[in-house]
Amino acid sequence: MKKPTAILASTDRGVLLADRLRRELDGSVAFSTRPGDAPAVQPIASIADFLATSFTEYETFIFVGALGICVRSIAPYVQDKATDPAILNLDDHGQFVQPVLGGHLGGANELARRLARILGAQAVITTASDLQHIWALDTLAQQFNWRAVPSQPLNQLISLFVNNAKTALLLDVQDEGTRWLEKTKPDFVDVFYDRAEIAWDQYQLALAVTYRPLRVPVPTLAFYAPVLHVGMGCSRDIEADLLDASVRAQLAAHELALEAIKSINSIDIKHDEVAFLALAERLGVPLLTYPAEALNTQTTPNPSAVVLDKLGVPSVGEAAAQLASGNGRLLLEKQKVTVASGKKHTLAVALDAAAERRGVVAIVGAGPGDASLISLKGKELLEAADLILYAGSLVPERLTHYAKPGAVVRNSASMTLEEQLHLMSEHYQRGQLVVRLHSGDPAIYGAIQEQMTAFDERGMAYFIVPGISAFQAAAASLNSEFTIPEVVQTIILTRGAGNTPLPPHEDLAAMAQHRATMCIFLSATIAKRVQAQLEEHYPADTPVAILYRVTWDDEEIYTGQLADLASLIREHKLTRTVLIVVGAAIGARKNRSQLYHPDWKHIFRTGKPAKVKKPRKQADGGK
């Protein structure tokens, strides 16, 4: 395994910069012919001698000094952009950082930007795609775990793209990468979700994220996402080469790309089937096997009485593909094949459920009130949503302004659960993105469990995006840390027993015994009862804070002692959207943690220079 980064300095000023960068870049080591007073900088006889033995041992080299020294030093060792290390050069005044090699594939461009941020310098980026702020086609596959298959040399396709050739982008699947492509699409790129809709005579270049072979009359770059789960059964000891050839032929015949396979799957008695193991190894994917009980949970289109009698399951290939993919629909139903030796195998294929372009519900936390506190992912989902259903009494309406043209935006405040589910189901069935926007963090008093139960019953896919909770916002508004060394290390999130009773084992007075930082939601109307329960264990002078609509424009904050809790709430007529915080952590300013204490060592601050294996001396005959 290669070491991360070598920093080479050729001047005294450069040594100081190299040592500074060494502390910022994990795993990096600084070298110089003039280490001077920097004990963590490793001495070398010359840059040329160092590179002669170490050029292939590091992923990245940062030269600090003149660009000419860098270029002449690396010239004898440069071989191929796919294998050469990333090379960057930084002047010894720390003003300009320039990628020299590996701008895209080696990550030199991104590292140059990072170094520029560290030093307050200027990153000098010269690659065309970066200057135009368009996709770097040669890094997309690595970035999103796709397999790139160009129809001609990649540099020719990149040349077309950076010269803004009219481009068709076909998206057969959805994942993090396709969502990013949709959001960052250049003006000269048109997006399609059905290849039959593309008029190829209008385009000079085709890009695709797909699981099917791409054969079109223009230059193409296909990115195959790992989304196909192959389920298989076979005769014992079927020949590996014959099975491999048969699988390839079956996939080709049904227009499924070998490069898109994510896993090979079968019943557990096949865990040692040599042909399956060999096929998985050749494809670079895992062989996954399942017990009969798991396979029997699947309903398949082609059950077999013979297989049921022999193995105790009505299906192996189809059931295994469905289990692995999480998808009850098969792209390719069971194929029965006899190879040249007379032995048999079956094959079925399912598309990974997460990659299927279908409706999905995103349960998104809007944060405590300030619209700018929504997460970046939450904002992006609002911008992409076809339906936004938001809790209008608790979520700022301004967040719905992120909606794209044509999106449906509805306030759920006056709707029953059944009405909400009907509306979300309508959009889901059209294959659309639904955002259910909740206040704070959906997992904390968000009433989402009943929605998820309904989604599960309807077979609707959904996921949760966390948000900032009111208790976190309260800590910020109070300029407080709720966990103070040697004072309090526990936070309790709870509510008082009002119309909704607490479970018997969650008695508020019992929890007060811990004297933790206690954040009490939904309890303003029973403040007198809450105060009495807390005073059973907290001293009467314990700090208390009452936060009304925390982070909203009309936020109100009242502080005092526990003895004043009920009177403060009554005096200010607070009844709704109130958070009560009790504990010694409020406003505390004593007690230092060990994390940044100079005597506290850890893996990122050992106080010792990095260990470097010294290069081997060359024999006389190798000079």
Side-chain angles (χ1 to χ4, degrees), residues 2-79 81 83-128 130-131 598 604-615:
K2 290 187 177 182
K3 303 165 191 173
T5 304
I7 307 169
L8 302 173
S10 52
T11 66
D12 292 343
R13 188 189 296 270
V15 167
L16 299 177
L17 268 180
D19 192 42
R20 180 176 171 186
L21 293 179
R22 175 194 63 79
R23 294 194 296 270
E24 293 283 349
L25 303 176
D26 292 342
S28 64
V29 185
F31 302 91
S32 180
T33 56
R34 307 171 60 86
D37 296 327
V41 176
Q42 309 293 314
I44 56 175
S46 73
I47 292 176
D49 289 346
F50 178 78
L51 292 178
T53 58
S54 304
F55 189 77
T56 60
E57 293 186 6
Y58 289 87
E59 295 177 354
T60 303
F61 287 87
I62 301 172
F63 286 77
V64 185
L67 179 60
I69 294 175
C70 167
V71 172
R72 284 193 296 271
S73 298
I74 65 175
Y77 310 107
V78 175
Q79 298 292 327
K81 65 183 294 184
T83 56
D84 287 335
I87 307 290
L88 297 90
N89 193 82
L90 167 70
D91 67 279
D92 70 0
H93 280 60
Q95 294 181 340
F96 300 100
V97 190
Q98 183 168 2
V100 180
L101 291 180
H104 286 158
L105 291 179
N109 286 359
E110 187 53 42
L111 180 56
R113 296 185 184 97
R114 181 182 175 191
L115 297 183
R117 291 191 293 270
I118 291 171
L119 300 172
Q122 174 67 51
V124 182
I125 309 295
T126 59
T127 44
D130 290 82
L131 295 175
F604 298 109
R605 195 174 67 241
T606 63
K608 301 176 183 178
K611 294 182 179 179
V612 181
K613 183 175 67 175
K614 293 184 178 180

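- In this structure, CD on Glu24 lies 7.5 Å from CZ on Arg114, to the nearest 0.5 angstrom.
- Scored by the side chain to side chain contact (heavy atoms under 4.5 Å, CB included) test, Val78 finds Ile74, Asp84, Leu101 as partners (sequence neighbours excluded).
- Classification of the Tyr58-Phe50 ring pair by plane angle, with boundaries at 30° and 60°, yields tilted.
- Taking both residues in full, the closest heavy atoms of Ile7 and Ala18 are given as CG2-CB, 3.6 Å, listed atom of the first, atom of the second, then distance.
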- Evaluation steps, side chain to side chain contact (heavy atoms under 4.5 Å, CB included), between Phe61 and Leu51: CA-CA 10 Å; Phe61 287 87; Leu51 292 178; 3.8 Å; yes

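- Here the straight-line distance linking atom OG1 of Thr60 with atom CG of Leu25 works out to 9.0 Å at 0.5 Å rounding.
- Salt bridge present: Asp130 and Arg113 bring a charged side-chain N and a carboxylate O closer than 4.0 Å.
- Looking at residues two or more places apart in sequence or on another chain, you find no ring pair (Phe, Tyr, Trp, His ring centres under 6.0 Å) involving Phe63.
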- Could you go through the side chain to side chain contact (heavy atoms under 4.5 Å, CB included) check for Leu67 and Asp91 one step at a time? CA-CA 8 Å; Leu67 179 60; Asp91 67 279; over 6 Å; no

- Message: Could you walk me through whether Leu8 and Ile62 satisfy the side chain to side chain contact (heavy atoms under 4.5 Å, CB included) test, starting with their C-alpha distance in whole Å, then the side-chain angles of each, then the deciding distance to 0.1 Å, before giving a yes or no?
- Response: CA-CA 6 Å; Leu8 302 173; Ile62 301 172; over 6 Å; no

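- When every heavy atom of Asn89 is checked against every heavy atom of Ala66, the shortest pair comes out as OD1-O, 3.6 Å.
- Of all non-hydrogen atoms in Ala9 and Ser32, the two that sit nearest each other are O-OG, 2.9 Å.
- Counting all heavy atoms, side chain and backbone alike, Phe55 lies closest to Ile87 at CE1-CD1, 4.1 Å.
- A search for side chain to side chain contact (heavy atoms under 4.5 Å, CB included) contacts involving Leu119 returns Leu17, Arg20, Leu21, Leu90, Ala121, not counting sequence neighbours.
- Between Ala45 and Thr33, the closest heavy-atom pair is O-CG2, 3.6 Å.
- The minimum heavy-atom distance between Ile69 and Ser10, with the atom names listed, is CD1-OG, 4.1 Å.
- With rounding to the nearest 0.5 angstrom, the OG1 atom of Thr11 is 9.0 Å from the NE2 atom of His93.
- Note that CG of Asp12 and CZ of Arg34 are 4.0 Å apart. Values are rounded to the nearest 0.5 Å.
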